[in-house]
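Some notes on the structure that comes next.
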Amino acid sequence: MHEEIGVLDIQGMAADIVCHRFSDEGWVRTKVYVPREMELTIYVNDQALVTILCTAAKLNYLVIGYLYAEGIISSLGDVASMRASLEESLADVRLNNSEFELPTLRKLGCSGSSVFKTQGQKVDSELVATPMEVLSLMKQLEGQMELYPLSGGVHTSALSDTKNLLVVAEDIGRHNTLNKIQGECLLRSISTRDRLLLSTGRISSEMLLKAAKMQTPMVVSRHAPTKSAILLASDLGIALVGHARGSRLVVYSHPERLSCSSN
């Protein structure tokens, strides 16, 4: 049903450019890698749905994850066929429901704004992780980054249990990384329930809603979340963790999931 576009291709992911770097030794002319970006237009039943600004890796996962996150599909059983093409900068998806009515075409950048307004689903889970387990997973995430050490300018996210990373995705858009994770889990039959989501990007309310749809009871970032994300996390039963780096972290909601008393 899908083409496997998941291998990191440095030529396609990063561009080699000339720049001038300043340091204590003065100016030096040098070459560096910077992230490449592409516009991917998703067609559903021969109609243009959306154009996403993204990194050209794991496009099949990105498309399936996006359609699922936006409520266009509820499972892989809704998809009759899919073709993702780097050369044509498009993904052609055919649904079993040929009468599905699509919204107006929109273009999405790194913000990943939703086409549809998605209500959060309360997360029912008994998952508990220790702070040291969470910090260890964040260190594993740093070790799994392939594109960031080369070029910077991208986000990395991962799905994990309390011990290991299960799925990792990189993209110029932090929202895209979660869609890629969702899509890969659907295509590989990996459950997202009772898992942790880790991200190098800031957690916004939209990111939190994606986590809720995955039914992941803990979301961890090395940056601070937004106030809206914290309020949503409190309502939806998600432990929201920020500033997770080194030997420190901050829990903004449901500290009991990290064995911390709220008193």
How close do [X] and [Y] get, heavy atom to heavy atom, and via which atoms?
X	Y	value
Ala91	Leu40	N-CD1, 4.0 Å
Pro225	Ala229	CB-CB, 4.4 Å
Leu141	Ser157	CD1-C, 4.1 Å
Leu159	Ser191	CD2-O, 4.0 Å
Leu236	Ala212	CD1-CB, 3.8 Å
Glu184	Val168	OE1-O, 4.4 Å

Treating [X] as the side-chain partner and [Y] as the backbone partner, does any N or O pair qualify as donor plus acceptor under 3.5 Å?
X	Y	result
Thr192	Met214	yes
Ser221	Gly201	yes
Arg257	Gly237	yes
Arg193	Gln215	no
Asp235	Ile230	no
Arg248	His243	no

Are [Y] and [X] linked, directly or through intermediate hydrophobic residues, by side-chain heavy-atom contacts shorter than 4.5 Å (ILVMFWY only)?
X	Y	result
Val220	Leu232	no
Ile52	Leu90	no
Tyr68	Leu76	yes
Ile181	Ile203	yes
Tyr252	Leu258	no

Hey, does [Y] have a side-chain heavy atom less than 4.5 Å from the side chain of [X]?
X	Y	answer
Ser199	Arg222	no
Gln182	Tyr61	no
Ile238	Leu208	yes

Find the distance between [atom1] ([X]) and [atom2] ([Y]) and round it off to the nearest 0.5 Å.
X	Y	atom1	atom2	result
Leu196	Leu166	CG	CG	9.5 Å
Met145	Thr200	CE	OG1	5.0 Å
Leu49	Tyr43	CG	OH	11.0 Å
Leu59	Met38	CG	CE	5.5 Å
Leu198	Glu142	CG	CD	10.5 Å
Thr226	Glu206	OG1	CD	9.5 Å

Please determine, by modelled atom types, if [X] and [Y] share a side-chain donor-acceptor pair under 3.5 angstrom.
X	Y	value
Ser125	Asp194	yes
Ser74	Asp78	yes
Ser228	Ser205	no
Thr51	Thr41	yes
Ser234	Ser253	no

Residue Asp124 excluded, over 12 heavy atoms near CG under 6.0 Å: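 Atom CG in Asp124 is not crowded, with 12 or fewer foreign heavy atoms closer than 6.0 Å.
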Whether over 12 other heavy atoms sit under 6.0 Å from Met132 CE: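 Not more than 12 within 6.0 Å, no.
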Listed once per pair and sorted, the salt bridge (charged side-chain N to carboxylate O under 4.0 Å, His left out) pairs that draw on residues 155-165, sequence neighbours left out: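 As it turns out, the salt bridge (charged side-chain N to carboxylate O under 4.0 Å, His left out) pairs with a partner in residues 155-165, which skip direct neighbours, are Glu133-Lys163.
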Criterion side chain to side chain donor-acceptor pair (under 3.5 Å) against Asp171, the qualifying member of Lys58, Lys180, His155: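 Of Lys58, Lys180, His155, side chain to side chain donor-acceptor pair (under 3.5 Å) with Asp171 is met by Lys180 alone.
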Val79: which of Val63, Ile64, Val44, Asn96 passes side-chain contact (heavy atoms from CB on, under 4.5 Å):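 So the option named by the test is Ile64.
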Identified side-chain contact (heavy atoms from CB on, under 4.5 Å) counterpart of Val134 within the set Thr162, Val251, Leu249: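 So the option named by the test is Leu249.
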Trace of the side-chain contact (heavy atoms from CB on, under 4.5 Å) decision for Val250 with Val241: CA-CA 6 Å; Val250 177; Val241 181; over 6 Å; no
Residues Arg94 and Asp92 bridged, charged N to O under 4.0 Å: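 Looking at Arg94 and Asp92, the cut-off is met.
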Carboxylate-amine/guanidinium contact Glu70 Lys213, below 4.0 Å: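 Salt bridge: no.
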Test log, rule side-chain contact (heavy atoms from CB on, under 4.5 Å), inputs Glu170 and Thr55: CA-CA 8 Å; Glu170 288 183 288; Thr55 299; over 6 Å; no
Pairing residues for Gln47 by the side chain to side chain donor-acceptor pair (under 3.5 Å) criterion, not counting sequence neighbours: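 Here no residue qualifies.
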